[in-house]
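All remarks here apply to the structure that follows.
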Amino acid sequence: ASYINGKYAELKKQDNALWVLSKTKVKFFNKAVWLDHLHAKGYTIKNTALRTYIESVFYNQDNKFIFVALQENAVIDLETRKVRKISSVSYPNDMEYEKSAKELTFEKLTEDFSENDFVYNQKIYYTDIDFSNHTNNAVYIKHILNTFPSDFFRKHTVEDYEIHYLHETLEGDLLSIYKKQTDNFFDFLVKSGDNEVVRARLTFN
């Protein structure tokens, strides 16, 4: 954590910019059980002019995948809050890429929502904000999962989870969470006022 925070601070100081996570997709293959020894590794699989793609894999002592995660990251300017080219910041452009383990792809999350899909409102508090003084990405996942009763996860197994971060929110902002089910998946929308903040999809069996 100290290394990651150091890199964030370095980018902020040298380039007046920050890395932001724009999309995450997690695909589950097996369940981890008590006393399993889990191993993890992360690596870059691709860069474009505006995005870098990082894959993380978790596997057990038998080399069986537990889950694979694909993340899309971008650089935003601290003053304009607009996306910048990766070449404009201190980032190695000669790195070696690794081959994707499962070749995950992001979906287009464009489901329409109405007020009939509204679940609840949630205010952002001090403990919800992160290093950049904006709402921590994990907070949105927590509020989405809180739309389910605990019994749901005793009866269903999550196959994959995808979330797109569209807009930043701050301490004191009010989030509105919407949920809609279609077949074996749920779509989610998180708004703050008129702004779409997050779209997500959870697939289960």
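Note: hydrogens, waters and symmetry copies are ignored here, and every other heavy atom, side chains too, is used.
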Supply the atom-to-atom distance S192 OG to N121 CG, rounded to the nearest 0.5 angstrom. 10.0 Å
Hey, mind stepping through T24 and Y165 against side chain to side chain donor-acceptor pair (under 3.5 Å) and telling me if it holds? CA-CA 9 Å; T24 295; Y165 301 99; 5.0 Å; no
Just how far is it from atom OG of S88 to atom CD1 of I86, taken to the nearest 0.5 Å? 9.0 Å
For a 4.5 angstrom cut-off between non-hydrogen side-chain atoms, does K31 reach T157? yes
Are K179 and F113 in a cation-pi contact, defined as NZ or CZ under 6.0 Å from the six-membered ring centre and within 45° of the axis? no
Sole residue of F148, F152, F28 in ring-ring contact (aromatic ring centres under 6.0 Å, His included) with F204: F152
When you look at Y178 and K180, which way does the side chain to side chain contact (heavy atoms under 4.5 Å, CB included) test go after all the steps? CA-CA 7 Å; Y178 298 79; K180 177 186 286 188; over 6 Å; no
Stepwise side chain to side chain contact (heavy atoms under 4.5 Å, CB included) test for R81 and H134: CA-CA 12 Å; R81 312 308 293 183; H134 293 79; 3.0 Å; yes
I'd like to know if the side chain of N73 pairs up with that of T52 as donor and acceptor (distance under 3.5 Å, no hydrogens or angles considered). no
Hydrophobic cluster membership, with links at side-chain heavy-atom distances under 4.5 Å among I/L/V/M/F/W/Y: are F188 and L109 in one? no
Taking CG in D112 as the centre, count heavy atoms belonging to other residues, nucleotides or ligands within less than 6.0 Å. Is the count above 12? no
Would a 4.5 Å heavy-atom cut-off, applied to side chains only, mark F186 and T203 as touching? no
With a 3.5 Å cut-off and no angle check, do the side chains of N30 and Y59 form a donor-acceptor pair? no
Can you give me the closest heavy-atom contact between S100 and L104, atom names plus distance? OG-N, 4.3 Å
Heavy-atom pair of closest approach, residues T105 and E162: O-OE1, 4.2 Å
Verify same cluster id: F65, V158 (apolar side-chain graph, 4.5 Å): no
Go through the side-chain N and O atoms of D128 and T135 and say whether any donor and acceptor fall under 3.5 Å apart. no
Just checking, is any N or O donor in the side chain of Q14 or S90 under 3.5 Å from an acceptor N or O on the other one? yes
Taking the six-membered ring of F106 as reference, does the NZ or CZ atom of K23 fall below 6.0 Å from its centre and within a 45° cone about the axis? yes
As an exercise, state the distance from OG1 of T169 to CG of N195, rounded to the nearest 0.5 Å. 10.0 Å
Are the side chains of N47 and Y97 in contact, using a 4.5 Å heavy-atom criterion? yes
Pair K82 + D77, salt bridge at N-O below 4.0 Å: no
Heavy-atom closest contact (H167 atom, Y140 atom, distance): O-OH, 4.3 Å
Answer yes or no: is there a donor N or O on one side and an acceptor on the other, between the side chain of E55 and the main chain of A101, under 3.5 Å? yes
Between V20 and V75, is any pair of side-chain heavy atoms under 4.5 Å apart? no
Please check if atom CD in Q61 has more than 12 non-hydrogen atoms from other residues, nucleotides or ligands closer than 6.0 Å. yes
For F29 and K102, work out which heavy atoms get closest and say how close. CZ-CG, 3.6 Å
Distance-only donor-acceptor check, side chains Y53 and T48, under 3.5 Å: no
Evaluate Q122 against L174 for side chain to side chain contact (heavy atoms under 4.5 Å, CB included), listing each step before the verdict. CA-CA 6 Å; Q122 176 66 47; L174 186 67; 5.9 Å; no
Would you say Q181's side chain and D183's backbone share a donor-acceptor pair under 3.5 angstrom? yes
Mind checking whether Y120 and H143 have parallel, tilted or perpendicular rings, split at 30° and 60°? perpendicular
Inter-residue atom distance I45.CD1 - Q71.CD, 0.5 Å rounding: 11.0 Å
Could you go through the side chain to side chain contact (heavy atoms under 4.5 Å, CB included) check for F58 and V68 one step at a time? CA-CA 6 Å; F58 281 71; V68 176; over 6 Å; no
Heavy-atom check, side chain of V57 versus side chain of Y43, under 4.5 Å: yes
Is it true that V119 and I144 fall in one hydrophobic cluster, defined by side-chain heavy atoms closer than 4.5 Å? yes
For E168, the option from D173, V197, I76 that meets side chain to side chain contact (heavy atoms under 4.5 Å, CB included): I76
Flag, side chain of D15 to backbone of A17, donor-acceptor distance under 3.5 Å: no
Please check if I124 and L21 belong to a single hydrophobic cluster, counting links between Ile, Leu, Val, Met, Phe, Trp and Tyr side chain heavy atoms closer than 4.5 Å. yes
Distance check, rounded to the nearest 0.5 Å: D187 atom CG versus T182 atom OG1? 6.0 Å
State the NE2-CZ distance between H164 and R201, to the nearest 0.5 angstrom. 9.0 Å
Does S22 use its side chain to pair, donor to acceptor, with the backbone of E72 at less than 3.5 Å? yes
Hydrophobic clustering (ILVMFWY, side-chain heavy atoms < 4.5 Å, transitive) - are I177 and L145 grouped together? yes
Kindly give the heavy-atom pair with the smallest separation between E159 and N184, and that separation in Å. OE1-ND2, 4.4 Å
Which heavy atom in V26 sits nearest to a heavy atom in A69, and how many Å separate them? CG2-CB, 4.0 Å
Closer than 3.5 angstrom, by distance alone: can the side chain of R199 be matched with the main-chain N or O of E111 as a donor-acceptor pair? yes
